Number of protein chains: 2
Amino acid sequence: MEHRIEHIKKQLHAHSYKLTPQREATVRVLLEREEDHLSAEDVYLLVKEKSPEIGLATVYRTLELLSELKILDKINFGDGVSRYDLRKEGAKHFHHHLVCIECGSVEEIVNDLLEDVEKIVQNDWGFEVKDHRLTFHGICKQCQEATVKAT
Amino acid sequence: MEHRIEHIKKQLHAHSYKLTPQREATVRVLLEREEDHLSAEDVYLLVKEKSPEIGLATVYRTLELLSELKILDKINFGDGVSRYDLRKEGAKHFHHHLVCIECGSVEEIVNDLLEDVEKIVQNDWGFEVKDHRLTFHGICKQCQEATVKAT
DNA sequence: CTTGGTGCAAAAGATTTGCACCCCC
DNA sequence: GGGGGTGCAAATCTTTTGCACCAAG
């Protein structure tokens, strides 16, 4: 954890930004809740528990900054809010998501499943792929089992 | 075109909704600008040209309705607005997009490139895929060529 | 009549911005 | 002492909602 904060600090410094206490508090929340796809409001409330003086605007500004530096990915699952997802260290791509339309849960897939598809896009469309976002909508294992039991 | 309107009319009727003049005007705009990924505001302004008495709320309600019936797909490219995309007739899946990070253009890929990937998700994660959304971010052919020339 | 659909204006959210202040090199 | 960063409140922007009214069966 400390190691990852150090790493982010370096990335900020490389672009002449500082890791202020507010930014650090925000990053810590993101690290602690890495699997959680938090909204800006979620992050704000969690940061506020530890650092009550922080403002919502600062959280927005921090999330925006981290997104620009590709430390964070801004995603949108179709409810009205943006959610934020730490990019895995060293990952050159956004990871994928499985969104359950029954219970709303979100699972992550870290494997890159799209290498072949990217080659096709590159060759057949002449499009130079830099990143991708892939979300599957469907029914998760738990909900499938629940349905079977209920029947 | 008329044929596609008829088809949509039937789909509405099948769910006990009517194809009112306002809805028809909205659908016509969507058909005319099928490749364009319009926002609700865009649609509203275009419909207003032909039917000036229409209200923005009605457009929102129509787009919402058509999305629920899967006639339309609601997508989000990360700018603050939802955009709407007519589903190709008979397509069971959302189609894919190539978003150029240089010029902002959006190309569509109708082919389903994800059949193999879906099988993997189904088998390895036990997730029953109902739909997917895939967007590639990168540099389109035109912008690549422009860069080469400029160098 | 009664129900679904509409237009308008107000409301509700999410996000951004203006500004005074503050801390650090 | 100048610039980046912050907190607060106000502003902005998109989308939703309440309500009175209208049209068709």
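Predicted model, so just to flag it, every value in this text is computed and none were measured.
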Nonpolar side-chain network containing A/V121, other nodes, edges under 4.5 Å
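A/L98, A/I109, A/L113, A/L114, A/V117, A/I120, A/W125, A/F127, A/V129, A/L134, A/F136, B/L98, B/I109, B/L113, B/L114, B/V117, B/I120, B/V121, B/W125, B/F127, B/V129, B/L134, B/F136, listed by chain and number.
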Roughly how many Å is it from [atom1] in [X] to [atom2] in [N], rounded to a whole number?
X     : N      : atom1 : atom2 : value
A/E24 : D/dG5  : CD    : C1'   : 15 Å
A/L63 : D/dT6  : CG    : C1'   : 15 Å
B/R23 : D/dA24 : CZ    : C1'   : 14 Å
B/E53 : C/dG5  : CD    : P     : 17 Å
B/L12 : C/dG4  : CG    : P     : 15 Å
B/L19 : C/dG4  : CG    : P     : 17 Å
B/Y44 : C/dG7  : OH    : P     : 9 Å
B/H13 : C/dG4  : NE2   : P     : 14 Å

With the side chain of A/T20 defined as its heavy atoms from C-beta on, choose the nearest nucleotide among D/dG5, C/dT6, D/dG7.
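Among D/dG5, C/dT6, D/dG7, the one nearest the side chain of A/T20 is D/dG5.
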Electrostatic pair A/R87-A/E34, nearest N-O below 4.0 angstrom:
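Looking at A/R87 and A/E34, the cut-off is not met.
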Sequence neighbours excluded, which residues qualify as side chain to side chain contact (heavy atoms under 4.5 Å, CB included) partners of B/H37?
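By the side chain to side chain contact (heavy atoms under 4.5 Å, CB included) rule, B/H37 matches B/I75, B/F77, B/R83, B/D85, B/H97, B/V106, B/E108.
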Listed partners of A/S67 passing side chain to side chain contact (heavy atoms under 4.5 Å, CB included), at least two apart:
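Listed in chain order: A/L72, A/K74, A/Y84.
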Could you list all the side-chain hydrogen bond (donor to acceptor under 3.5 Å, both in side chains) pairs where at least one residue sits in residues 14-27 of chain B, not counting sequence neighbours?
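Residue pairs passing side-chain hydrogen bond (donor to acceptor under 3.5 Å, both in side chains), neighbours aside: B/E24-B/R28.
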Please enumerate all residues that pass side-chain hydrogen bond (donor to acceptor under 3.5 Å, both in side chains) together with B/E118, with sequence neighbours excluded.
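B/H93, B/H132.
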How would nucleotides 15-25 of chain C be written as a contact map, 5' to 3', with B for base contact, S for sugar-phosphate-only contact and - for no contact, using protein heavy atoms under 4.0 Å?
BBBB-------
